[in-house]
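Each remark here refers to the structure printed beneath this line.
Note that this is a predicted model, so its numbers are computed, not measured.
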Amino acid sequence: MSNPKWPGPPGLIPVTSGHADDANIINRNYLDRIMVEMRVIDANLPDLHTKIFGNMYDSPIMMPAFSHLNKAGITGRTPMEEYAKAATDLHLLNWVGMESNEEYEEIVKYAPGSIRIIKPFADHARILSEIQFAKNHGAIAVGIDIDHIVGNDGNFDIVDAIPLGPITQEDLNTYVNAASIPFIAKGVLSVQDACKAANAGCAGIVISHHHGRIPYGIPPLALLPDIKKALQDKDVKIFVDCGMNSGYDAYKALALGADAVSVGRGILSPLLKDGSQGVINKIQRMNEELKQLMMYTGIANTSSFDASVIHFL
């Protein structure tokens, strides 16, 4: 595809503020302080195949739960559909964020077996309805953005004129039972919330600050080892996002205990410039970088990452 021009408002690609409270800048600085030692004797070509919720994928790098990219390009597909198509072409797990049921149905035609992440609507009946719709359309898991409750004014947020509200541990348990497929709490940024999600029956969590929603948010990888330890006796998948812009970033997350990682802003520019092919090119390069570091550190497959190769400057 040759440079489709995606219609959309200015600022569709978010720019970090660069201020001291910008969790994105804090996170990038932290990621770049994580160093890796070399263990090359007896190293072999690594295998990236990764099993998630009983399904095998070609890489532990996943598509993000993007939302609101609903303007059609010259292909007639929306960016949401373009990156879903890329996920299928790459045989990766696809995630979908806040979309109407009608748009969600169109997106998952390109990536059957996606994960749907639902906003914490104040109207809990809407959450239950969207869970059921996702199940009816082949979702392998569903989840909720537990962190998207607070607006910039310190009140509960409103998105697309829809009020959001708080989510309790009891609510999570209700959604888990209603789903009857794996349920995920996205936006976990503490051991406390990780344990509450696990105790509510969540099959997975995403350690994330939603790309900087919380001022001075701690980097997800700074908490990952403690969360991994706290959940060691629980059957809970641990996913990570925020700042996963290269295969080297993905390696650091996987070495510290993540089961898989999502790449968001890293694919946004190539997605909006070149559609699915831009995403494919970006992810293929990330896979090459991931395999490079795995070989340098003697990691044979995605089940044998070793946190002892990691050092902090």
Measure the shortest side-chain to side-chain distance between Pro60 and Leu290 over non-hydrogen atoms and say whether it is less than 4.5 angstrom. yes
Under 3.5 Å, is there a donor-acceptor pair between the His49 and Asp47 side chains? yes
Any side-chain heavy-atom pair from Ile310 and Leu256 closer than 4.5 angstrom? yes
Search all heavy atoms of Val191 against all heavy atoms of Ala230 and return the closest pair with its distance. CG1-CB, 3.7 Å
Straight-line distance of Ile61 CD1 to Lys282 NZ, nearest 0.5 Å: 9.5 Å
Which atom names give the shortest non-hydrogen contact between Ala134 and Arg116, and what distance separates them? CB-CD, 3.7 Å
Name all residues meeting the side-chain hydrogen bond (donor to acceptor under 3.5 Å, both in side chains) criterion together with Ser180; count only those two or more places apart in sequence or in a different chain, and write none if there are none. Lys135
Within one Ile-Leu-Val-Met-Phe-Trp-Tyr cluster: Leu93 and Ile117, side-chain cutoff 4.5 Å: yes
Indicate yes or no: at least one non-hydrogen side-chain atom of Ile149 is less than 4.5 angstrom from one of Leu164. no
Measure the CG-CG distance between Leu69 and Leu272 for me, rounded to the nearest 0.5 Å. 6.0 Å
Side chain Ser67, main chain Met98, donor-acceptor under 3.5 Å: yes
If you look only at distance, which donor and acceptor atoms sit under 3.5 Å apart when one is on a side chain in residues 197-206 and the other is two or more places apart or in another chain?
residue: Asn199; atom: OD1; partner: Lys234; partner atom: NZ; Å: 3.2
residue: Asn199; atom: ND2; partner: Cys195; partner atom: O; Å: 3.2

How would you list, by chain and number, every residue that makes a ring pair (Phe, Tyr, Trp, His ring centres under 6.0 Å) with Tyr248, sequence neighbours excluded? none
Pairs flagged by ring pair (Phe, Tyr, Trp, His ring centres under 6.0 Å) wherever residues 189-212 is involved - sequence neighbours left out: His148-His210
Of all pairs that satisfy ring pair (Phe, Tyr, Trp, His ring centres under 6.0 Å), the ones with a partner from residues 95-121, not counting sequence neighbours: Trp95-Phe239
Are Glu130 and Arg126 ion-paired here, with the side-chain N under 4.0 Å from a carboxylate O? yes
Spell out, as yes or no, whether a donor-acceptor pair under 3.5 Å connects the side chain of Tyr83 to the backbone of Phe66. yes
Please answer whether the main-chain N or O of Phe53 pairs with a side-chain N or O of Asn55 as donor and acceptor at a distance below 3.5 Å. yes
CG/Asp89 to CD1/Ile283 distance, rounded to the nearest 0.5 angstrom? 12.5 Å
Fellow cluster residues of Ile26, listed by chain then number, with links counted only when side-chain atoms sit under 4.5 Å apart: Tyr216
Within-4.5 Å side-chain heavy-atom neighbours: Glu81 and Thr78: yes
The ring pair (Phe, Tyr, Trp, His ring centres under 6.0 Å) partners of Phe183 (sequence neighbours excluded) come to none
Donor-acceptor pair, side chain of Thr50 and main chain of Leu48, under 3.5 angstrom: yes
What pairs of residues pass the salt bridge (charged side-chain N to carboxylate O under 4.0 Å, His left out) test when at least one of them lies in residues 147-173, not counting sequence neighbours? Asp157-Arg213
Other residues, nucleotides and ligands only: do more than 12 of their heavy atoms fall within 6.0 Å of CE on Met38? no
Checking Ile146, Ile167, Val159 against Pro120 for side chain to side chain contact (heavy atoms under 4.5 Å, CB included), the one that qualifies is Ile167
Is a side-chain donor or acceptor of Gln284 paired with a backbone partner of Asn281 at a separation under 3.5 angstrom? no
The salt bridge (Lys or Arg N to Asp or Glu O under 4.0 Å) partners of Lys109 (sequence neighbours excluded) come to Glu106
Let me confirm one number: the CG-CG distance from Leu293 to Leu254, rounded to the nearest 0.5 Å. 11.0 Å
Pairing donors with acceptors under 3.5 angstrom, does anything connect the side chains of Asn136 and Gln132? yes
State the CG-OG distance between Leu92 and Ser59, to the nearest 0.5 angstrom. 5.5 Å
Donor-acceptor pair, distance only, cut-off 3.5 Å: does the side chain of Asn27 make one with the backbone of Pro219? no
Ignoring hydrogens, what is the shortest heavy-atom contact between Val96 and Ser114? Give both atom names and the distance. CG2-CB, 4.3 Å
Could you grab the distance from atom CD1 of Ile131 to atom CD1 of Ile127, nearest 0.5 Å is fine? 7.0 Å
Heavy atoms of other groups near Ile41 CD1, more than 12 under 6.0 Å: no
Determine which pairs satisfy salt bridge (charged side-chain N to carboxylate O under 4.0 Å, His left out) with at least one residue from residues 239-255, sequence neighbours left out, and list them in order. Arg28-Asp249, Lys186-Asp241
Between Lys237 (side chain) and Ala258 (backbone), is there a donor-acceptor pair under 3.5 Å? no
Does the Glu99 side chain pair with the main chain of His68, one donor and one acceptor, at a distance under 3.5 Å? yes
Do Met295 and Leu45 touch side chain to side chain, with heavy atoms closer than 4.5 Å? yes
Atom of Met286, atom of Asn245 and distance for their closest heavy-atom approach: CE-C, 4.1 Å
All pairs passing ring pair (Phe, Tyr, Trp, His ring centres under 6.0 Å) where residues 293-313 contributes a residue, at least two apart: Tyr30-Phe312, Tyr251-Phe305
Here the salt bridge (charged side-chain N to carboxylate O under 4.0 Å, His left out) pairs for residues 286-308, sequence neighbours left out, are Arg39-Asp306, Arg285-Glu288, Arg285-Glu289
Say whether, by atom type as modelled, one donor and one acceptor occur between the side chain of Asp274 and the main chain of Pro270 under 3.5 angstrom. no
Is Ile115 reachable from Val142 through a run of I, L, V, M, F, W or Y residues, each pair having side-chain heavy atoms under 4.5 Å apart? no
